Amino acid sequence: MKSDKTPSQNEINEIPFFDIQLPYEIALLIFQYLGRTDLGRCAQVSKTWRVLAEDEVLWHRLCQMEGYLTDSEVTDCTSWKGALKASRTKESLLRTNWKNRIGAVGQLHYELGKVLCDIHSSDGVVLAGYTSGDVRLWDTRASDHATSSLKSTRVITDVGSNLQVSFVQINPCLAVAAYEDGTVDVWSLLIGREPIHHYQHNQKIQALALCPETAAIATASSFQIKVECPDERGYWRSTCNFQTQKLVNFLHLVQDTGGCPVAIAAAEEIVYLLKAEETEKILHSAYGQPVTCLDVSLTQAAFGVKSYGWFANNGNKIHVYNLQTAQSITTLGNSTGDFTCIGLKDSPPHLLVTGNRDRRVRVYDLRCSRSLCSLYAHHLGVSAVRMDDWKVVSGGEEGLTCVWDQRMGTKLWEMHARHPVRYVWFNSHSLITANIPDDKNPRGASIMDDDLTAHRRHRGTINVYNFSMDQTSVESILPICRSSYSEMTGYNYNIGLAVPYDNV
């Protein structure tokens, strides 16, 4: 009687390939060129081909190719085919949650900080600076959004001293804050909350940049750009100083192929490419056409230029340059409005997203130098923008955050807050936005002039959206809308708005 038992991999030495028999190892090499769909079809040919198509080596390779393999999963996984299936199911569910706004919404508060000045994040870790001089750190990857305060080296002796934080930057290992008085503090995220480095500019700092890959910092004050980084023994030192012809408006820092920091700075209409021990290079300069936005990847720099109407065909465009050759790659757009923000570094390959004062968000293809879609977004102009392979998130001056389906060109949902959206960051399962007030010292911000806190409507907000699939229905409700009805106070913002009821 014929057995229906499927042969195991150890029992198979040769694989039938049409009119010939191939050794198992040779057949495995051939199957490595197939994708998951083709492997599934081959598994239906015969029992022998099914054993070959379900070999763990093939599915481990597919996990690597599709980016689902992490170091922690190497020891935990028992079936690479099952791991790939589970990862794709999770990705599909997350995309559905994004499209339908299903998940948890929270806010990061620090009342004693007064008004929010600047925010930056790295892989879910948020760094924020306030007018009180406080620098706050949150880890949104933790369920309770663990928070801590970073200590400053500044000692205030005068009552009128300016405590305000101007800029903050963060990468996986460092946090940096620049203050209004020209002070710069650097903290290590690995060893504690005390600053590991500190230096001072004589004048106000116009721009701050932190290299995403390495421990290198660049600051622009007056007509000077200073780059600081630690040496091989860990001692911080100033590696180079550059002089610019005009005040710097935008500053970015990247690492070149040799591991050295490269600064890209925009000062009015001049864009500089600055490397240590090399003469400064001017990427772009057009009189009367100042740079309005700038973003930099490892190999390219993209920036928008403004026209005053003298040159009808040369203004309000996006210029893209190669950082290795310092040559122009392409020129995009010809908008009547000024480009206010640009996303190059975090966009998919060959794509670039821009925001404009003409209220539109545009996605460009660098290969053909044309616009793929144009989204009418914000009636007061676009202030922040970011995209991935299927969606675009934009923020406006009116405080509106919009999520778009890039391929369909349609708005999925929107959220509104009081102040302009100045920062947008997201990954596959979370979204972080910041509404930062333009007025950092509002009149009537508190009941008394010496009050340590400002009214919530003046502070600005940091919003955190979590679209993970393990969020429960209760967690998806705003904290202000959750109540046990056990409080006896007559006036309380914490009212229960859950439908139909919560714990009544």
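From a predicted model like this one, the values you see are computed outputs, not experimental measurements.
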Trainee: Hey, is the main chain of Glu414 close enough, under 3.5 Å, to the side chain of Thr401 for a donor-acceptor pair?
Mentor: no
Trainee: Cation-pi check, Lys391 to Trp404: give yes when NZ or CZ is under 6.0 Å from the six-membered ring centre and within 45° of the ring axis, no otherwise.
Mentor: no
Trainee: Quick one: do the Asn316 and Ser335 side chains pair a donor with an acceptor below 3.5 Å?
Mentor: no
Trainee: Under a 3.5 Å distance rule, please check whether Gln206 uses its side chain to pair with a backbone N or O of Ser222 as donor and acceptor.
Mentor: yes
Trainee: Could you tell me whether the side chain of Arg459 reaches within less than 4.5 Å of the side chain of Val115, counting heavy atoms only?
Mentor: no
Trainee: With rounding to the nearest 0.5 angstrom, report the OG1 to OH distance, Thr330 to Tyr364.
Mentor: 10.5 Å
Trainee: Please check if any side-chain donor atom of Asn463 sits under 3.5 Å from a side-chain acceptor atom of Gln107, or the reverse.
Mentor: yes
Trainee: Less than 4.5 Å apart, any side-chain heavy atom of Val392 and any of Val363?
Mentor: yes
Trainee: Step by step, would you call Ile432 with Val126 a side chain to side chain contact (heavy atoms under 4.5 Å, CB included)?
Mentor: CA-CA 9 Å; Ile432 299 173; Val126 178; 3.5 Å; yes
Trainee: Distance only, no hydrogens: is a donor on one side chain within 3.5 Å (strictly under) of an acceptor on the other, for Arg136 and Thr147?
Mentor: yes
Trainee: Is it the case that atom CD in Glu277 sees more than 12 heavy atoms from other parts of the structure closer than 6.0 Å?
Mentor: no
Trainee: Any idea which heavy atoms bring Val382 and Ser394 closest together, and the distance?
Mentor: CG1-CB, 4.5 Å
Trainee: Check Ala434 against Ile119 and note the closest heavy-atom contact, atom names and distance.
Mentor: CB-CG2, 3.3 Å
Trainee: With a 4.5 Å heavy-atom cut-off, do Tyr321 and Gln300 have their side chains touching?
Mentor: no
Trainee: Does either side chain, that of Gln224 or that of Asn241, offer a donor lying less than 3.5 Å from an acceptor on the other one?
Mentor: yes
Trainee: Is there a side chain to side chain contact (heavy atoms under 4.5 Å, CB included) between His319 and Val305 once you walk through the steps?
Mentor: CA-CA 8 Å; His319 296 267; Val305 295; 3.6 Å; yes
Trainee: Is a side-chain donor or acceptor of Asp295 paired with a backbone partner of Ala302 at a separation under 3.5 angstrom?
Mentor: no
Trainee: Would you please test Ile462 and Tyr423 for side chain to side chain contact (heavy atoms under 4.5 Å, CB included) and show each step?
Mentor: CA-CA 9 Å; Ile462 304 174; Tyr423 183 79; over 6 Å; no
Trainee: Is the shortest side-chain heavy-atom distance between Ile264 and Val296 below 4.5 Å?
Mentor: yes
Trainee: If you compare all heavy atoms of Gly355 against all heavy atoms of Val385, which two are closest, and at what distance to 0.1 Å?
Mentor: N-CG1, 4.1 Å
Trainee: So Thr131 and Leu163, side chain to side chain contact (heavy atoms under 4.5 Å, CB included) or not? Walk me through it.
Mentor: CA-CA 7 Å; Thr131 54; Leu163 301 171; over 6 Å; no
Trainee: When rounded to the nearest 0.5 angstrom, what distance separates CG in Leu210 from SG in Cys173?
Mentor: 7.5 Å
Trainee: What is the distance from atom CG of Leu137 to atom OG of Ser148, rounded to the nearest 0.5 Å?
Mentor: 4.5 Å
Trainee: Can you name the nearest heavy-atom pair linking Ala220 to Leu251, along with the distance?
Mentor: N-CD2, 4.0 Å
Trainee: Can you spot which of Arg357, Arg422, Arg418 makes a salt bridge (Lys or Arg N to Asp or Glu O under 4.0 Å) with Glu397?
Mentor: Arg422
Trainee: Treating Thr140 as the side-chain partner and Gly124 as the backbone partner, does any N or O pair qualify as donor plus acceptor under 3.5 Å?
Mentor: yes
Trainee: When you measure from the side chain of His419 to the backbone N and O of Asp438, does any donor-acceptor pair fall under 3.5 Å?
Mentor: no
Trainee: Within a strict 4.5 Å, meaning less than it, do heavy atoms of the Leu253 and Ile217 side chains meet?
Mentor: no
Trainee: Could you give the distance from OG1 (Thr354) to CZ (Arg360), rounded to the nearest 0.5 Å?
Mentor: 11.5 Å
Trainee: Please check if the distance between the ring centroids of His201 and Tyr199 is under 6.0 Å.
Mentor: yes
Trainee: For Asp185 and Ala177, indicate whether the former's side chain and the latter's backbone hold a donor-acceptor pair under 3.5 Å.
Mentor: no
Trainee: Is a salt bridge present between Arg359 and Glu398, judged by a nitrogen-to-oxygen distance below 4.0 Å?
Mentor: no
Trainee: Taking the six-membered ring where the residue is Trp, are the ring centres of Phe303 and Phe339 under 6.0 Å apart?
Mentor: no
Trainee: Less than 4.5 Å apart, any side-chain heavy atom of Val320 and any of Thr331?
Mentor: no
Trainee: Going by the salt bridge (Lys or Arg N to Asp or Glu O under 4.0 Å) test, which pairs reach into residues 244-266, not counting sequence neighbours?
Mentor: Lys246-Glu269
Trainee: One thing to verify: whether Lys306 and Asp338 come together as a salt bridge, which I'm taking to mean a side-chain N less than 4.0 angstrom from a carboxylate O.
Mentor: yes
Trainee: Could you check whether Arg141 pairs with Asp123 (Lys NZ or Arg NE/NH1/NH2 to Asp/Glu carboxylate O, under 4.0 Å)?
Mentor: yes
Trainee: A side-chain contact here means heavy atoms from C-beta on lying under 4.5 Å apart; do Val403 and Lys411 qualify?
Mentor: no
Trainee: Specify the closest pair of heavy atoms between Ala326 and Leu273, including all atoms of both residues, with the distance to one decimal.
Mentor: CB-CD2, 4.4 Å
Trainee: Under a 3.5 Å distance rule, please check whether Asp365 uses its side chain to pair with a backbone N or O of Leu351 as donor and acceptor.
Mentor: no
Trainee: Looking only at atom types and distance, does a side-chain atom of Asn356 sit under 3.5 Å from a main-chain N or O of Asp358, one as donor and one as acceptor?
Mentor: yes
Trainee: Verify the neighbour count for atom CG of Asn202: are there more than 12 heavy atoms of other residues, nucleotides or ligands below 6.0 Å?
Mentor: no
Trainee: Would you say the side-chain atoms of Trp98 pair up with the backbone N or O of Ser430, donor to acceptor, closer than 3.5 Å?
Mentor: no
Trainee: With a 3.5 Å distance limit and no angle check, can you tell me whether Arg61 reaches the backbone of Gln32 through a side-chain donor-acceptor pair?
Mentor: yes
Trainee: Can you see which heavy atom on Cys211 is nearest to which on Val254, and at what distance?
Mentor: SG-C, 3.9 Å
Trainee: Using side-chain heavy atoms (C-beta onward) and a distance below 4.5 Å, is Ser285 in contact with Val271?
Mentor: no
Trainee: For residues Thr183 and Gln200, is any side-chain donor paired with an opposing acceptor at under 3.5 Å?
Mentor: yes
Trainee: Do the charged groups of Arg237 and Glu228 touch, with an N to O distance under 4.0 Å?
Mentor: no
Trainee: Aromatic ring centroids of Tyr110 and Tyr130 under 6.0 Å?
Mentor: yes
Trainee: With sequence neighbours excluded, what pairs up with Ser221 under the side-chain hydrogen bond (donor to acceptor under 3.5 Å, both in side chains) test?
Mentor: none
Trainee: Could you tell me the separation between the CH2 atom of Trp390 and the CD atom of Gln406, rounded to the nearest 0.5 Å?
Mentor: 10.5 Å
Trainee: CZ/Phe426 to CE/Met387 distance, rounded to the nearest 0.5 angstrom?
Mentor: 8.0 Å
